[in-house]
Every structure is written in structure tokens, then in C-alpha cells.
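Scroll down for the structure; my scribbles are underneath it.
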2 protein chains.
Amino acid sequence: MQQAPASFIAPQGGIDRNDPRPLHRQVYDALLASIRDGKLPLRGKLPSERELVDLYNVSRITVRHAVRELIQQGVIHSQPGKGLYVAERGGGFELQVLKSFTSIAIANRRSPGHKLIEARIVHAPLEVSRPLFLAPGAEVVLLSRLRLLDNIPAVVQTDWIPVARVPGLLDLDWAVANRSLYAELRERYRIHPKRGQTTLSARLATDEEAAMLELPPPAAVLTVDQIAFDDRNRPVNLTALVHHPARYPLTLLQSESGDFTQY
Amino acid sequence: MQQAPASFIAPQGGIDRNDPRPLHRQVYDALLASIRDGKLPLRGKLPSERELVDLYNVSRITVRHAVRELIQQGVIHSQPGKGLYVAERGGGFELQVLKSFTSIAIANRRSPGHKLIEARIVHAPLEVSRPLFLAPGAEVVLLSRLRLLDNIPAVVQTDWIPVARVPGLLDLDWAVANRSLYAELRERYRIHPKRGQTTLSARLATDEEAAMLELPPPAAVLTVDQIAFDDRNRPVNLTALVHHPARYPLTLLQSESGDFTQY
DNA sequence: TGACATGACTGGTCATAACCAGTCCTATTG
DNA sequence: CAATAGGACTGGTTATGACCAGTCATGTCA
């Protein structure tokens with residue numbers, strides 16, 4: 001008989017019937033926290049689904065919902081007939097899907113920060129107005145920052161947000177090194193991005209980018225362009241990222257959602 | 001009252017109780033096919049979940065399972081209180097998660113192909129043996145190919161596969177332009193990759209790569225390194241891809257799985 | 001001693017049933 | 001005529017209960 005896993009995962013740990021979050025989300029968060037905190041070792045075995053049902057006093061459908069999310073995120077994997085196991089993580093940065101620079105940094109025990117490059121209202125060029133469904137030349141907030149990991153330049157980030165959605169955004173002092181744009185969107189403007197479309201490519205760094213990222217030219221950079229939409233399917237912003245390839249590679253964990261055909 | 005969607009999605013369309021695939025997978029495939037074939041227009045509205053229940057004669061849990069997958073793949077999106085909508089797709093290549101070069105090409109109506117660069121058995125260098133959990137110097141099959149889209153060079157792909165798992169793989173003539181490594185793994189060796197770990201970065205192309213991809217040096221390339229594991233969690237292969245940035249950018253569709261925090 | 005059957009597990013699938021909060025049209029009311 | 005209150009929908013969440021195929025340790029039989 002395997003030892004009661006209650007010592008690893010607090011019984012009722014974080015499951016609160018009055019919590020506004022859905023139960024499956026709470027289970028997801030509780031399990032993820034246990035794994036991230038190292039209470040469950042890498043390659044370790046999780047309690048079985050039916051044990052989790054008893055631990056958290058929720059139905060199996062709820063447990064399975066949480067488990068499915070964790071599998072799809074690549075955090076755990078399942079072996080039918082055997083159990084659930086914590087996935088070993090790769091060497092570099094631990095990302096699942098593309099996530100917040102800030103949250104990634106914290107998850108990797110690096111301290112995030114930024115230096116302001118530019119913050120003003122501009123008329124959107126066509127390559128910005130089109131994906132945001134705006135009229136050409138419409139006013140957008142331009143926010144350009146050099147993002148730092150432990151004070152080391154890692155990414156050049158430029159955001160464009162329609163002015164209409166974020167009145168007064170530039171009243172804030174964006175030179176403050178730890179201000180988070182997305183926290184501002186959430187808390188001040190109640191804008192919650194729900195889905196996004198991301199394009200990855202590579203190109204040679206411009207002289208300015210190379211200088212900021214401390215790359216000797218000619219240098220290759222990884223580019224990530226993302227359009228985000230809110231829960232009503234309205235475009236929220238356009239983000240362009242220019243990554244230092246060595247200081248900030250990206251890692252994806254994939255799993256058996258649908259077909260896992262490969263290259 | 002909205003018109004019966006039965007004209008768009010064949011009633012019982014593809015749902016077969018004797019099909020070995022799970023019901024939710026069949027529903028997923030049927031809906032995906034309807035969308036891909038254009039029976040359901042972009043930004044169009046899908047039948048409601050309860051209508052799908054009647055259409056396919058399955059329970060709502062099954063329909064929701066399929067719907068959840070499609071949402072997570074970014075194919076559709078949901079608006080509570082309103083309905084399910086086909087997601088508009090972006091300009092470039094339509095990828096969801098990283099998928100088969102061959103299947104991506106076909107989905108984008110481009111014809112895939114390859115030119116053989118190298119196919120032989122080598123002793124694995126450390127950077128290959130480590131991720132594959134092999135002893136340093138263990139024998140691996142090296143397969144290096146220049147992949148083509150409509151006969152235009154797009155990606156340099158190099159695979160390493162432990163010899164022990166694929167005896168006789170090199171007996172085949174890999175110079176044949178349309179042979180698929182993963183079809184071979186599936187059909188001949190019954191190896192089914194289930195999950196993978198992918199690292200994306202950028203670097204300057206080597207002279208050979210630049211020449212093959214028809215890029216004038218100095219040129220930046222997008223690199224994708226992937227380790228795949230099978231359903232028993234054994235490493236299957238290591239793939240290194242070198243992408244022509246303009247001919248083969250990558251697109252990801254993300255959705256509200258877990259937290260959609262951003263950069 | 002070795003091969004085999006058993007049974008207690010595991011995750012995977014599917015059904016039925018209910019309630020909630022949000023959307024949207026419609027009919028009633030002021 | 002405008003504001004409001006229903007009611008009929010939507011997807012989102014959760015419960016209970018059941019069966020399947022695979023894994024694995026154990027005990028039995030040859």
C-alpha cells in the first residue's frame with residue numbers, strides 16, 4: 001500500500017467552496033502548486049484520480065478536468081493502468097505555453113524588470129491597425145520596453161493598444177521598473193485576454209536592438225508577435241517581442257491533444 | 001428559430017459506434033472536418049452544444065470534450081450565453097501546436113517534399129545522447145533532409161533516432177522525396193509519439209544552411225529542437241529544424257487553458 | 001520452480017441529471 | 001413610446017454512477 005499522499009498535498013488544500021474560482025481550477029492550482037513547490041518530486045507519482053477525489057472532496061469529473069489541463073500543459077503525463085507522473089522539465093526556461101514575462105521570470109527564480117524605451121500615443125501604421133481591426137492611422141498607445149532578467153537585457157518588447165480601450169494609460173509613470181502592463185489592463189481596465197494568436201520567426205537584429213541586447217552584429221534574434229483578444233473577441237493589443245536567443249529561448253511542452261503528428 | 005444545422009453537419013456524420021476511436025474524438029474530427037471543408041464559414045456560428053447532442057446522439061459530456069479540444073486548439077472559441085464560433089485564422093501558416101511538416105503543408109495546400117542530405121548511423125554526441133537518455137557514443141540513426149514546399153527549400157531537418165528502436169530503418173531509400181519518417185515509425189515500428197518538448201530559438205545560419213535555404217549571408221534562421229516521447233514515456237527521437245524565416249514562420253493559436261497571462 | 005490465473009488497482013470513456021450566469025428577444029407595464 | 005420583467009436560450013460547472021482495457025502483485029497449479 002502506498003503511503004497516504006496527504007502529507008504531500010494538503011487535504012482540502014486550497015479547496016474552498018466559497019472561492020469564486022471553479023472547483024476544477026482550484027484543484028488544478030493546488031496540484032500545480034504542489035509540483036512547483038517540489039512537494040511532488042519530478043518524475044514522481046501523483047495520487048490516483050480516485051484518491052484525489054477523496055482528498056479534495058470533489059467529483060472525479062472535476063479531478064479529471066484539472067488533470068486534463070495539467071496534461072495538456074505538459075506539467076504531468078498519464079500512463080493508463082499505472083498512474084499520473086510529474087513530467088521532467090527541460091534544461092532552459094520552463095514555459096508551457098507562452099506566458100507572462102514576469103511570471104516566467106519568477107517561476108525560474110529570476111527577477112524581472114524593464115527599462116522604458118518609449119511611451120506615447122501614435123497613429124497606427126497599417127501593420128498594426130490591420131490585426132487590431134482599426135482604421136488605418138487610428139490612435140494607439142505605443143509602449144516599448146527593454147525587459148531585464150536579473151538586470152540583464154533579455155527581450156525588447158513593444159506593445160500597441162487602441163487608445164479607446166485604455167484612456168489615461170500613459171498618465172502612469174512607465175519608467176517604474178516593475179510596472180506590469182497586463183496587471184494594469186486587468187485591474188484598472190478590467191480587460192482579460194482570453195485567446196491569442198502568436199507568430200514566431202527570426203531575423204537579423206537592427207543596430208539598436210543589437211546594442212540594447214548586447215549582441216555583437218550581425219546577430220540573429222527570435223521574434224514573437226502576438227495579438228490578444230478578450231472574452232468578447234475584441235482585439236486587446238499587439239505585442240512584438242525581440243528575444244536574445246541565448247538569454248531567452250522558448251520552451252513548449254506538448255502533449256497528446258488531438259493528433260501529435262510531428263515534423 | 002435558427003435553421004437546422006443538419007444541412008451543414010451531416011446528422012450522424014462520421015459517428016460510428018463500432019469505430020475504435022472514442023466518441024469525443026469522432027465528434028472532434030467531424031466538427032474539424034466541417035470547419036476545414038468550409039461547411040462552417042469562418043466567424044460562423046456552430047450549432048449549440050445541446051443541438052450537437054441531438055445531431056450525433058451522444059451525451060453532452062462527449063460533445064463538451066470535443067468542443068474543449070477544439071477551443072484549446074484555437075479552432076473555435078466560445079462566448080457564454082451566446083454560442084460557439086469558428087475562429088478566424090491568421091495570415092500565414094495555419095498551425096495549432098507544432099505539427100507534421102507534411103500535414104501542415106497539405107493543410108495549406110502546398111505540396112511537401114524533401115531532398116536527402118545525409119542518412120547513416122553515427123555515434124551520438126553528448127548533446128544528442130543526453131536528451132535521449134542514451135550512453136554517450138551510443139549508436140543512433142542520423143537522418144538529415146532539406147524539406148521543400150512546392151519544391152522550394154523551406155526547412156533543414158535533422159533527426160536522431162536510437163538504432164535499437166528502429167532496426168533496418170536505413171534499408172529504405174530515403175532519397176525518395178515523399179517518404180515520411182513518422183509514418184514509418186508509426187506503421188513499421190508501431191511507435192506513437194505522445195508528448196514532446198520543444199525549444200525555439202534563433203541563430204545565424206551556417207554557410208551550408210544559408211546555401212540550402214537560398215538565404216544570402218549573414219542570415220538569421222529560426223531553430224526548433226524537439227524531443228518526442230512515446231506512450232510509455234521512452235524517448236523516440238530528437239529533431240532539429242532550421243527554418244527559413246520568411247518561407248516558414250510558425251503560428252500558434254492559444255486559448256484560455258489555465259491562465260492566459262501574457263508578456 | 002516456473003507458468004498461469006486472479007483480483008485489485010490504474011486512467012479512459014460515456015451516460016444522465018441538475019443548476020448557474022450570461023445573452024437576447026419579447027411581451028407587459030408605466 | 002420607453003423601460004422593465006419574463007422566458008427561452010447559451011456555454012460553464014458539478015455530481016453520481018458505470019464499464020473498459022491496461023498494469024501489476026500475488027497466489028495457485030502443473
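Computation of the quantities below employed the complete heavy-atom set of this structure, encompassing side-chain atoms and omitting hydrogens, waters and symmetry-equivalent molecules. Each chain gets a letter, A, B and so on, in the order its sequence line appears, and its residues count up from 1.
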*Round to a whole Å and report the spacing from CD of A/Gln79 to C1' of C/dC9.*
15 Å
*Check whether any side-chain N or O of A/Thr62 sits under 3.5 Å from a backbone N or O of A/Val58 as a donor-acceptor pair, and report yes or no.*
no
_Below 30° counts as parallel, above 60° as perpendicular, anything between as tilted: where do the rings of B/His65 and B/His24 land?_
parallel
*Separation of A/Arg68 atom CZ from C/dG12 atom P, in whole Å?*
9 Å
*Separation of atom NZ in B/Lys45 from atom C1' in D/dG11, rounded to whole Å*: 10 Å
*Closer to the 5' end of DNA chain D via nearest nucleotide, is it B/Gly81 or A/Arg50?*
B/Gly81
_Nearest whole Å is fine: how far is C/dT10 C1' from A/Ile76 CD1?_
14 Å
*With sequence neighbours excluded, tell me which residues meet salt bridge (Lys or Arg N to Asp or Glu O under 4.0 Å) with B/Arg50.*
none
*A/Val224 and A/Thr199, any side-chain heavy atoms less than 4.5 Å apart*: no
N/O to N/O distances under 3.5 Å, protein versus nucleotides 14-16 of chain C:
{"from": "C/dC14", "atom 1": "OP1", "to": "B/Leu23", "atom 2": "N", "distance (Å)": "2.4"}
{"from": "C/dC14", "atom 1": "OP2", "to": "B/Leu23", "atom 2": "N", "distance (Å)": "3.1"}
{"from": "C/dC14", "atom 1": "OP2", "to": "B/His24", "atom 2": "N", "distance (Å)": "3.2"}
{"from": "C/dA15", "atom 1": "OP1", "to": "B/Arg17", "atom 2": "NH2", "distance (Å)": "2.8"}
{"from": "C/dA15", "atom 1": "OP2", "to": "B/Ser59", "atom 2": "N", "distance (Å)": "2.7"}
{"from": "C/dA15", "atom 1": "OP2", "to": "B/Ser59", "atom 2": "OG", "distance (Å)": "2.7"}
{"from": "C/dA15", "atom 1": "OP2", "to": "B/Thr62", "atom 2": "OG1", "distance (Å)": "2.8"}

*Below 3.5 Å, does any donor atom in the side chain of B/Arg64 face an acceptor in the base of D/dG11, or the other way round?*
no
*Would you indicate whether the side-chain heavy atoms of A/Val75 and A/Ile35 approach each other to under 4.5 Å?*
yes
*Check whether any side-chain heavy atom of A/Trp160 sits under 4.5 Å from a side-chain heavy atom of A/Ile227, and report yes or no.*
no
*Without swapping roles, check the side chain of A/Tyr189 against the backbone of A/Leu169 for a donor-acceptor pair under 3.5 Å.*
yes
*asked:* Rounded to whole Å, how long is the line connecting atom CD1 of B/Ile71 with atom C1' of D/dT10?
replied: 13 Å
_Among D/dG11, C/dT10, D/dT23, which nucleotide has an atom closest to any side-chain atom of A/Lys82?_
D/dT23
_If I take atom CD in residue B/Glu69 and atom P in nucleotide D/dG11, what distance separates them, rounded to the nearest angstrom?_
18 Å
*Tell me: CG of A/Leu52 to P of D/dA15, nearest whole Å?*
14 Å
*Would you please confirm or rule out a distance under 4.0 Å between OP1 or OP2 of D/dG12 and any side-chain N or O of B/Ser78?*
yes
*How long is the line joining CG of B/Asn18 and C1' of D/dC20, in whole Å?*
16 Å
